[in-house]
Amino acid sequence: MATFRRLLGFLTPYRPAVALSALLAALAMGATVLIPWLTGQAIDHIRAGDSTDLNRLGIFIAIAGVGRLALTVSRRLVAGRVSLAVEQDLRQRMYSHLLSLELAFFDRQQTGQLMSRATVDLQAVRFFLGYGLVFILQSALTIVLAAVAMLLVDPLLAVVSLLPVPFVVLIATRYGRRARPAQQAVQQRLAELTADAEESIGGIRVVKAFAREDRQLERFAGTTGRVFDQEMIATKLSAFYQPLIGFLPQIGLACVLLIGGRRVVSGHITLGDFAAFYTYLLMLLSPMRQLGMSLGLAQRATASGARMFEILDRAPEITAPAGAQPLPSGNGHVELRDVTFGYAGAPAPTLHDVSLDVPAGTTVALVGATGSGKTTLVQLLGRLYDVDEGAVLIDGADVRSVDPVELRQSIAIVDDAPFLFSTTIADNIAYARGGADHVDRADIERAARRAQAHEFIATLPDGYDTRVGERGLTLSGGQRQRVAIARALLADPRVLVLDDATSAVDASTEQQIKEALREAMAGRTTFIIAHRLSTIALADTIVVVEDGRIVAEGTHDELLSTSPLYAEIVEKGLPDQVFLNRNPAEREVAGL
């Protein structure tokens, strides 16, 4: 019930419209109930051979029918508007909340599961709030009004015909209790199906590359089989209870025909009253059947609502502190003080007691084996994760004390697998400043030239207005990296992070990009994570990371003599990484 009450809370902004919809439904039901009574009056006049009031009764019936039509259409329009407005609110609230959650939340979630809750579950909630409630209200009004009319016509016959109603309520309640967990399991299975489909489509290149279509199809068939099995459980419940709910009123109908017919013959009620009474009882059959279906909608909405609230109730762990101060002015002085950090669920911390002081304008290269903690270290700068112990400072301010939005606007990250949105190249570059509509085209082209991207962009069919595919997959890896670098340069950050940002370009292009990066890094604090020694040569200081600890720090020459690990990296990296270098300074750093 708590979940159900919370779902009703989404209707609070639309209470006037909901009240109007209920009023229109009540008036429509009033007109519906009036029609059988007028029909019964007409039958009595016909039987008595009195045609005086037939025309008047016919006009009244027509007016009642037209009124019911107009009221029903109006009610549907109002309810539809409320339903769509609730859906819009739910979508915006869900999406806004997802954006507010920290990166660690998404590390532990399947995209398909989140998409299912934002689509399938949301639709179930929306349909119930927009239409299911009205169906329940309309059914209840029909039952009440018809019951009152029947009591006025013949109290004894009304009591006999309404005897099944308590049993209908009892069975409907039992159905609700059993259907809720079954529907919740169905929603979970549908979410798993969505997750599998999303993963298969997202990884279609891998599927095709390894010719594993049959395996994916077999896996998907297993998921759809689980959906089928769980939906069959819910269907069996529905197949038993809903017809039973519809059957019980038939008992009342049989009693009315048996007892009511005798009362007409005995003269206790007129034939017109019996016809009206019989019509009222027929009116009760549909609402009672709808009551079962509406309760099914309510159970599905409650199950979906519980899944949605699991997300909405998840409070963001990284937020702006009360009274957050703006990031102090500066050029990007970065300091890590005794930082320890571990990912949730990891057996051991990724970083241990890391301390590092990087003066503003310094370029630092982080080197070390894969998994040593280099990427984790730079992700702490923008507070994508919060440290477990210690502190990260930018220009003297602890990153936990400033607004995360302003902090991240001062840091630009280019990683080895840059993400591009399915829009134009210009919009992807200008994303750093809010999109192409907010940035002068000349600034976009200037950033692209500095990233050595302008030349290939100019050869595309629509130049900067060329739309890239999903995740930018219509571009090569090197092209995506250059667009991402242009985006970072356009942001003009205090701190620039290049996480293996030239890994997907050839050596010749890398040399061109590095020339651009030299200009971009001038006077700017830069962190370089690279495996190419020629890229490491851009750094003022080299930091060696091993097993989450900083084990050495210094220049290339210093580390060759003091750090066995760095000497091993140079030795192993030399043969295949630097043989195309032509720059004398870089050849010297590489040991050639």
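Taking the ring-ring contact (aromatic ring centres under 6.0 Å, His included) definition, one finds that Tyr431 meets it with Phe421, sequence neighbours left out. Annotation: salt bridge (charged side-chain N to carboxylate O under 4.0 Å, His left out) contacts of Arg549 (sequence neighbours excluded): none. Remark: Arg314 pairs with Glu102, Glu317 by the salt bridge (charged side-chain N to carboxylate O under 4.0 Å, His left out) rule, at least two apart or across chains.
The line from NE2 of His454 to CD1 of Ile457 is 8.0 Å long, rounded to the nearest 0.5 Å.
Between Asp462 and Arg467 no salt bridge is recorded (no basic side-chain N to carboxylate O distance below 4.0 Å). The existence of a salt bridge linking Glu192 and Arg189 is confirmed by a sub-4.0 Å separation between a basic side-chain nitrogen and an acidic carboxylate oxygen. Using a 4.0 Å cut-off between a side-chain N of Lys or Arg and a carboxylate O of Asp or Glu, Arg400 and Asp386 do not qualify as a salt bridge.
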Chi angles and distances behind the side-chain hydrogen bond (donor to acceptor under 3.5 Å, both in side chains) call for Tyr343, Thr376: CA-CA 9 Å; Tyr343 293 100; Thr376 299; 2.7 Å; yes
CA sep, side-chain torsions, deciding dist, call: Asp440, Arg446, salt bridge (charged side-chain N to carboxylate O under 4.0 Å, His left out): CA-CA 10 Å; Asp440 186 79; Arg446 189 177 303 111; over 6 Å; no
side-chain contact (heavy atoms from CB on, under 4.5 Å) between Ile536 and Ile528, worked out: CA-CA 7 Å; Ile536 296 171; Ile528 298 175; 5.8 Å; no
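Note: Phe10 and Phe309 have parallel aromatic rings, judged against thresholds of 30 and 60 degrees for the angle between ring planes.
Arg126 and Gln123 share a donor-acceptor pair across their side chains, judged by distance under 3.5 Å alone.
If you run side chain to side chain donor-acceptor pair (under 3.5 Å) between Thr375 and each of Asp415, Thr350, Asp499, Thr370, only Asp499 comes through.
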